[in-house]
Colleague: 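Questions regarding the structure given below will be posed in turn.
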Amino acid sequence: MPLLAVETSCDETSGAVVDNGRVLANVVSSQIKLHAEYGGVVPELATREHLRNLLPVAREALQQSSLATTDLDAIAATRGPGLPPALLIGWTAAQAAAYSLNLPLIGINHIEAHLYSPWITGEPPSENFDAFEPNVSLIVSGGHTMLVHVRSLLDHTVLGSTLDDAAGECFDKIAKLLGLAYPGGPEIDHLAENGNPAAHNFPRPLLDRPNDDFSFSGLKTSVRYFLDKNPKLKTDAEELPHLCASAQAAIVDVLIKKTIRAANRETVNCITASGGVTCNRSLRKQLAVACEKNGLQLRLAPANLCTDNAAMIGILAEQKLNAGENPAPIETGIMPAKGL
Ligand code: KG4
Ligand code: ZN
């Protein structure tokens, strides 16, 4: 069942073709450079870029998969959550394609798709979900930080989420305080490599609470107060790696401890992680160590599927179609701005 999927929820325009659990093409046009100048995603600019790039990206995906629109059996697109005007570009294009090609239209929750991207690594790809294990999934990006109990394919419950800033947002805001470029996560990751994570003791918010919620805005504020008191450290090239490593350690520590605790409590044998922050090398390394210590299997989305992509939208859409879910009526709107 070849299916064309598109994703335009934030600052990546993506088109993918999937067929029977196999990703035939996954084309991503990233807008990171465009937004860097503004220090964050500008919705109006993101929307214009999606409008400009969506058709070329979708065409490229079809070309790479050596398929024509007449070979397709369904159209899928992200319906939400995300930036409403950006979502509208992908969703409206998908509606038009489904209507004109007379194909079923599948609307996908972006966060739900992240839950399944760590499984798109099977070899051969048709075995992607054969290895599926009930798991606790950490979704950690610039817009979301969430722990989800995935009992079986398409059956999941949100355990907790951030009460304020997402972890990626915290990385980006701390990087901005340190005068680093946007997006700040990769910059901090890079600088932290040569820093001492114990140099400064930044707070680990909500770690002592028994629930699965996160809060990162206080950590950012604490770094700000620290820099206000020690303004010289910010411009000290020797000190910057220590500041980055210490701030990163606080974020990673909270993410890992809460994820492991949730997995043990829900008695699953597997942890998965996806979303842009999952590219963080310290998080990947330390999650692996913690999982090994706790006898848990770990499945991390590969770097190109951690960030937003249409492959995960298509793979989930195919699962939903196979499970007999009804396609969306063409006139369905985008999703209200809520989580999973
Ligand atoms: O999933 P994503 O591409 O977009 C959404 O937010 O939906 O995630 C982007 C976020 C940004 O906040 C970025 O700073 C963060 O992921 N990020 C990282 C790393 N790479 C990307 N954070 C920490 N370390 C990284 N290596
Ligand atoms: Zn995402």
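Remember, it's 1-based here, ligands and their atoms both numbered in the order they're listed. All figures in this text were calculated on a predicted structure; none of them were measured in a lab. Residues: numbered from 1 along the sequence shown.
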Colleague: Do you know which two heavy atoms are closest between Leu305 and Ala311, and how far apart they sit?
Modeller: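 Taking Leu305 first and Ala311 second, the nearest heavy atoms are CD2-CB, 4.0 Å.
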
Colleague: Which residue supplies the protein heavy atom nearest to atom 13 (C) of ligand 1, what is that atom called, and how far is it?
Modeller: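 Answer, as residue, atom name and distance: Asp172 OD1, 3.8 Å.
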
Colleague: For ligand 1, which atoms, with element, lie under 4.0 Å from some heavy atom of Gly168?
Modeller: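 Answer, ordered by atom number: 12 (O).
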
Colleague: Can Asp212 and Arg261 be counted as an ion pair, charged N to O under 4.0 angstrom?
Modeller: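 Looking at Asp212 and Arg261, the cut-off is not met.
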
Colleague: If you count heavy atoms of other groups shown closer than 6.0 angstrom to CZ of Arg281, is the number above 12?
Modeller: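 More than 12 heavy atoms, drawn from other residues, nucleotides or ligands, come within 6.0 Å of this atom.
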
Colleague: Under a heavy-atom criterion of less than 4.0 Å, does Cys10 contact ligand 1?
Modeller: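 Distance cut 4.0 Å: Cys10 fails for ligand 1.
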
Colleague: For ligand 1, which is the ligand I care about here, please tell me if Asp189 has any N or O atom under 3.5 Å from one of the ligand's N or O atoms.
Modeller: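 Yes; at least one N/O pair falls below 3.5 Å.
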
Colleague: Counting only heavy atoms not in Arg204, do more than 12 sit closer than 6.0 Å to its CZ atom?
Modeller: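 It does: Arg204 CZ has more than 12 such atoms within range.
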
Colleague: Taking the Zn ion (ligand 2) as the center, what protein N, O or S atoms are found at less than 2.8 Å?
Modeller: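 Under 2.8 Å from the Zn ion (ligand 2) - ignoring waters, which are not counted - the protein N, O or S atoms are His110 NE2, His114 NE2, Asp308 OD1.
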
Colleague: Looking only at protein heavy atoms, identify the closest one to atom 1 (O) of ligand 1 and say how far it is in Å.
Modeller: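 Minimum-distance protein heavy atom for atom 1 (O) of ligand 1 reads Gly276 N, 2.9 Å.
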
Colleague: May I ask you to identify the nearest protein heavy atom to atom 3 (O) of ligand 1, giving residue, atom name and distance to one decimal place in Å?
Modeller: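 The closest one turns out to be Thr307 CG2, 3.3 Å.
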
Colleague: Write out the residue and atom name of the closest protein heavy atom to atom 24 (N) of ligand 1, then the distance separating them to 0.1 Å.
Modeller: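 Protein heavy atom at minimum distance: Asn280 ND2, 3.0 Å.
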
Colleague: At what distance is the nearest protein heavy atom to atom 22 (N) of ligand 1, and which residue and atom is it?
Modeller: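 Nearest neighbour among protein heavy atoms for atom 22 (N) of ligand 1, to 0.1 Å: Gly185 CA, 3.3 Å.
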
Colleague: Which of the atoms of ligand 1 are close to Val277, meaning less than 4.0 Å from one of its heavy atoms?
Modeller: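 It comes down to these atoms of ligand 1: 15 (C), 16 (O), 18 (C), 22 (N).
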
Colleague: Does atom CG of Asp208 have more than 12 heavy-atom neighbours from other groups under 6.0 Å away?
Modeller: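 More than 12 within 6.0 Å, yes.
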
Colleague: Return a yes/no value for Asp308: is any of its N or O atoms, backbone included, closer than 3.5 angstrom to an N or O of ligand 1?
Modeller: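 Between Asp308 and ligand 1, an N or O pair is found under 3.5 Å apart.
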
Colleague: For ligand 1, which atoms, with element, lie under 4.0 Å from some heavy atom of Pro183?
Modeller: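 This gives 14 (O) as the contact atoms.
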
Colleague: Are side-chain N/O atoms of Thr157 and His149 paired as donor and acceptor at under 3.5 Å?
Modeller: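 Short answer, no.
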
Colleague: One thing to verify: whether Asp253 and Lys257 come together as a salt bridge, which I'm taking to mean a side-chain N less than 4.0 angstrom from a carboxylate O.
Modeller: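 Judged by the 4.0 Å cut-off on N to carboxylate O distance, Lys257 and Asp253 do form a salt bridge.
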
Colleague: Compute the centroid of each ring, for His200 and then for Phe226, and state whether the two points are separated by less than 6.0 Å.
Modeller: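 Yes; Phe226 has its ring centre under 6.0 Å from that of His200.
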
Colleague: Please report the closest heavy-atom contact between Val42 and His35, naming both atoms and the distance.
Modeller: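 It is N-ND1, 3.1 Å.
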
Colleague: Which protein heavy atom lies closest to atom 6 (O) of ligand 1, and at what distance to 0.1 Å?
Modeller: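 The protein heavy atom lying closest is Gly142 N, 2.7 Å.
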
Colleague: Hey, is Lys173 close enough to Asp165 for a salt bridge, meaning N to O under 4.0 Å?
Modeller: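 Salt bridge between Lys173 and Asp165, a charged N being under 4.0 Å from a carboxylate O: yes.
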
Colleague: Would you call Lys176 and Glu169 a salt bridge, using N to O less than 4.0 angstrom?
Modeller: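 No.
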
Colleague: Which atoms from ligand 1 have a heavy atom of Gly143 less than 4.0 Å away?
Modeller: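 Going through ligand 1 atom by atom, the ones under 4.0 Å from Gly143 are 6 (O).
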
Colleague: Could you tell me which residues satisfy side chain to side chain donor-acceptor pair (under 3.5 Å) with Thr307, sequence neighbours excluded, listed by chain and number?
Modeller: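 For Thr307, no residue satisfies side chain to side chain donor-acceptor pair (under 3.5 Å) once neighbours in sequence are set aside.
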
